Peer 1: 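Dumping the structure here so I can ask a few things about it.
Each chain gets a letter, A, B and so on, in the order the sequences are listed, and its residues count up from 1. Atom set for the values below is all heavy atoms of this structure, side chains included, hydrogens, waters and symmetry mates excluded. These figures come from a predicted structure and were not determined experimentally.
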Amino acid sequence: MGLSIEENQKLVEEILEAYPKKARKDREKHFQVADEKAIDCSTCAVKSNIKSRPGVMTPRGCAYAGSKGVVWGPIKDMVHISHGPVGCGQYSWGSRRNFANGTLGIDNFTAMQITSDFQETDIVFGGDKKLAVIMREITEMFPLAKGISVQSECPVGLIGDDIEAVSKKMSKELEMPIVPVRCEGFRGVSQSLGHHIANDAIRDFVMGRAELAETGPYDVNIIGDYNIGGDAWASRILLEEMGLRVIAQWSGDGSLNELEVAHKAKLNLIHCHRSMNYMVDHMEKAYGIPWLEYNFFGPTKTYESLRAIAALFDATIQENCEQMIARYKPVMDAVIRKYRPRLENKTVMLMIGGLRSRHTIGAYEDLGMDIVASGYEFAHKDDYEKMLPMLAEGTIVMDDPTAYELEELTKKMNIDLVGSGVKEKYVYHKMGVPFRQMHSWDYSGPYHGFDGFKVFAKDMDMTVNSPVWDLVSRKGKMEPEEAGV
Amino acid sequence: MSRDELNIKDNTSLFKEERYVQQRENKKQFEAPCSEQETAEALAYSKSAEYMEKNFNRQNVVINPHKACQPLGSVMAALGFEKTLPFVHGSQGCNAYFRSHLSRHFKEPTPSVSTSMTEDAAVFGGMNNLIDGLENSVALYKPEMVAICTTCMAEVIGDDLNSFIGNARIKGVISEEYPVAYCNTPSFVGSHITGYDAMIKGILSYLYTRSGIESKPGSGAESGEKLNVMLGFEPYTGNFAELRKILGAFDTKYTILGDHSGNYDSPATGEYEYYYGGTKLADVPQAANALATLSLQKYTLKKTQEYISGTWNQQLAALSTPLGIKGTDTLLATISELTGLPIPAILTEERGRVVDALMDSHPYLHGKRVALVGDPDLLIGLIGFCLETGMEPVHIICSNGDVDFNEVKFKDEAEALLAASPYGTEATVHVGKDLWHMRSLLLNDKVDLAIGSSHLKFAAKDAEVPLVRVGFPIFDRHHMHRYPIIGYQGTLNLLSLIVNTILQQLDDHNSGFNFELVR
C-alpha cells in the first residue's frame, strides 16, 4: 500500500467498518488523507481535542498526567504532592525520563513519589487538614525544597476540597510558593487540558516573582523542552554556542527560580508548542516577549530553526550561527552518509503525544525515510494545520487513533517502523514490526540538536535493521518443513 | 570523516564531556541553587539519627510508598481469564497508567479499555459511557467476557455498575447472556492486592452464580484428585510454569483460577491476538465441584478465600508465596494432603539438589544482614527463605501490610516467624511505612543486602547497599519475571541471584590481595 489518496481513503473506510455506527461516525471525523488541497491551504478537516469514545483503547491519558507528569514534575527543586489516592503518583513516578541534575531527595525531587495517599476517611471528611500537615512535614523532610505544588487527583475535585485556601495559608506560614493545581484526571479530554491548567498555575503563582541580577540583549528562554534523555541540554548547548544566554529552561531540569525570572528574557524559544503555548502567549501579552517555535529534530530542521532564531538577533549572532552550522554540517552529513543508505524508503507510522508526530518528520526525512501515517494523542487543530504541509500526498493523518486502528494500518500499509509509546510497543513486537518509543526515546536519547541526531540516526538503524525481526516466523508465511531426503 | 568523528555517545558518556560539564555549571547562576555547603549539610542531616526520628514521626505525608492502587490489580486479575477484556470505569488516565505500568514490568502488551469519563460524567454519572463503552469494546476487541472495575472517580460519585450493566442489556447493547463480571475497586482503600482479590472474587462468583450449578465439592466431572489453585497478584510468569510442573509431577488434575501468564508471556509470531491463555470461562463454575482450593497468597486473596470456603463450601488451604525449601515443603505437603497423592520422587530428588546448592553457598549467605520490601505474602516467603539460609532479616517494610487472614495480621505472622529463629532476632517489621523510611533505616543501621522491587533502588543506592530485585514492579532489569522464584527450582534461582550478587560485591570491593579466582 503506497501513498495513493484514493486507496488510503478506502483503507481508512474499511478499517472503520468494524465500529458500531455511532462510534464509526465519530472516528471518521478524526481521519484525513493528505491531498493537494489540504496541504496547500493547510485546511484541516481532522477533528481533534474532543472526547475519546468509551471502550476503544485510546492512547490518551488525563489532565493529571499532563500537569504532574509533564509540566510540573520536572521542576526539580520543588516538591510536587500527588494529592489524592496512591495510584496516580505511583504510576507517574520516574516513568518520564526527564533528566535533572542535583541530589535526589535533597535538592532534586523529580524521581520521587510524594503523595497524600487518600484513605476512605479523607474522602468522607475531606483532605484539607491533612494537606496542611503534609506541607509542614515536607519542609521538615526536605529543608532545601524551594516550593510545593499540589497536583490534585480525581476525588479532590469531586469532594470539593479547597486546596487553594490551604495553599494560600500554608504559603504564608512556610514562606515559600505553594501552588494549587486543579488537574483532576476527569477534566478535559486528555493530557492537553492538564498542560493548560499547569501553565495557568505557573502564570498565577510563580511568574515574575524574581529578578535577574543583570539582563542582556541575548537573554532567551527554552520553553517546552522536558529534557527526555537530556534533550534540553543538547538543545541549550547550541543556543549558547551561538552566543545566546539561556536564562530559563522549562521544565526539564528546571528550577523555581528559572520560572520566576523567565519574564526578563528578550525572546521565548518554544519547542513543545502544544504543551506550553499558553505560556508564551501570556508572556507576549503581559511582558511583550516575542516567541518563536523551533524544531531541533534532524539537521535540516535544526539549521532552519537556528537561522530563524539568529535572524531575530544582530549580525554577531547571525555570523556565529553560520559558523556553528558550518562546523557541525560535515558531521551531520557523515551521519546521513552512513545511515541513509540503510534506511532509504523505509515507511514510518507515527502516533505520539502532541508535537513529535510533526517535529520528527524532518529527522526521518533526513535519513531518507517516508512518513506514510502520522497522528497525535492529544493535539489541537493548529497542530494538524502545521503538520499537513509537511506531509506527502496520500499520507494518512489521524487523531487519537485507537489501538485497533493502528494495528490494522500497520498490517495493511506494511509499515517498516512504528514510533509510539510503551502501551503500543509490545503489540508491534508480537507482530514483528520494528518499534521505537517516541515519548521516552526507549531509554536512549538525547534526540534533540546535533548531538541528539547522531543518537536518533543510530537508534533508527538499530531498530529497523536488527536481525531480530528476521527471526519472527510470521504465521501466515509459516510452512511445515519437509524432512530432508 | 574518520571513525572518531562519528563516535556516537550515549547519554551517560555524552553529558560527561567537558562542554556539558561547563553548561551545567553555567546554568546554576539561573537556578539559584543552594550552596554546595548547604546541600552537603542537608545530605548529611538526611542520613542522621535525628532525621530518622523525624522521618518516623511524620503522620501524613507518604514518600515513595511500595504499593499501587486497586484497579491495577483488577486489570491483572481480569487478564487471567480466557478472552476477557479488562474494562476500567472512570477517567481514562487511570487505564493508561495501568497499561503502562504493567507493560513496563512484563515487557508485554496490556489490552484494557476505559469508559473515558469526563466532567459531564462527573456530574451526571457514567452510565452512558459504560453502555457505549460496552458496545464499542465488544465490537472491536471481541472478548468472550468483559470484566469491569471502578476507579476512585466512579466510586466517589457512586456509580452503580450492576444497574448500569443491566441497562446496557435492556438497551440491547449486549445480549442477556453475554458475560460481564464486575467489582468495586476504590483506589482510596487497600492497594493493588485488594483490587486483585476483588476482581477474582467478582469473576468467580459471577460465573458461578449465572451457571446455575450448585457446588458439590469433590463431585465434579473430574472429581477425585481435582484441585483449584490460585497464585494471586503474581508478577512472575515463571511461577505459573513452576506450579504446573509441580502439579504435573503429582499427576493431579487441577484448575488454575486466574492465570495471566499466557497474556504476559505470549510468543512473537508475527501476529498479535489480544488474548492469550487464561482460565477457561467454563472451568470456573466447575471449579465449585473441585476437591479443594489451594491459595498461594492468603493475604492477597482474603475475600476470594472467604467466598470459596463459604459459598462453595469447599476445603481451602491458604499459604503465602512458597519460597525456599521449607516453603516448598509446605506447598508439597499441602498438595499431598488435599489430593491424597504422595509427594513425587522426582520432586524429592530436586529438593536434594537444591539443598546441595544451598550448602555450597551458605558461607556467603550466613549472617548477611538483609532489608526486605514487598507485598505481605511475598514477604512471608522471603523471610522464611532468609532464615533457612542463615541470612538475617533486619529491616522489613510492607507499605500495604495491614491485612489479616483468619484474624492473624500479616505483621503478627511475620514477627512470629522471625521470633522462632535465632536469625530473626534483629528484625523489625514496619507496616504502612514507605521507602523513605527504608532509606533512613538503611543509612542508620547498615545491612549487607536489600531485596525488593526496582523502586527500592533509590534508597539502596543512597545507602550503598546492593539490591536484589524481587517482586513488583521490576522495571529496570529484563526477563526476571520469566524465571520462577517459587518451588525448589525457584529457590535455586533466588539463591543464585542472591549469592552471585554478594560474590560480585566481593570482587568489586576487594583489597587487591583477595581478588580471588576461586570462590
Peer 1: In sequence, state the C-alpha distance, the side-chain angles, and the governing distance for A:Ser82 and A:Tyr64, and then conclude on side-chain hydrogen bond (donor to acceptor under 3.5 Å, both in side chains).
Peer 2: CA-CA 9 Å; A:Ser82 293; A:Tyr64 167 90; 2.6 Å; yes
Peer 1: ring-ring contact (aromatic ring centres under 6.0 Å, His included) with B:Tyr274: which residues, sequence neighbours excluded?
Peer 2: B:Tyr141, B:Tyr272
Peer 1: Report which part of A:Cys62 has an atom under 4.5 Å of a heavy atom belonging to chain B: side chain, backbone, both, or neither.
Peer 2: both
Peer 1: May I ask you to say whether A:Asp219 pairs ionically with A:Lys264, meaning some side-chain N is under 4.0 Å from a carboxylate O?
Peer 2: no
Peer 1: Considering only heavy atoms, which portion of A:Asp253 lies under 4.5 Å from any heavy atom of chain B: side chain, backbone, both, or neither?
Peer 2: both
Peer 1: Quick check on A:Arg27 against chain B: is it the side chain, the backbone, both or neither that has a heavy atom closer than 4.5 Å?
Peer 2: neither
Peer 1: Go through the atoms of B:Lys9 and report whether side chain, backbone, both or neither lie under 4.5 Å from a heavy atom of chain A.
Peer 2: backbone
Peer 1: Report the residues that fulfil side-chain contact (heavy atoms from CB on, under 4.5 Å) with B:Lys171, sequence neighbours left out, ordered by chain and then residue number.
Peer 2: B:Ile131, B:Val173
Peer 1: Does any heavy atom of chain B fall under 4.5 Å from the side chain of A:Leu212, the backbone, both, or neither of them?
Peer 2: side chain
Peer 1: Identify which part of A:Lys22 has an atom lying under 4.5 Å from any heavy atom of chain B, answering side chain, backbone, both or neither.
Peer 2: side chain
Peer 1: Is it possible for you to check whether B:Arg439 lies under 6.0 Å from the centre of the six-membered ring of B:Trp436, through NZ or CZ, and within 45° of that ring's axis?
Peer 2: yes
Peer 1: Less than 4.5 Å to any heavy atom of chain B: does that hold for the side chain of A:Ser92, its backbone, both, or neither?
Peer 2: both
Peer 1: Please confirm whether A:Trp233 and B:Phe15 have ring centers closer than 6.0 angstrom.
Peer 2: yes
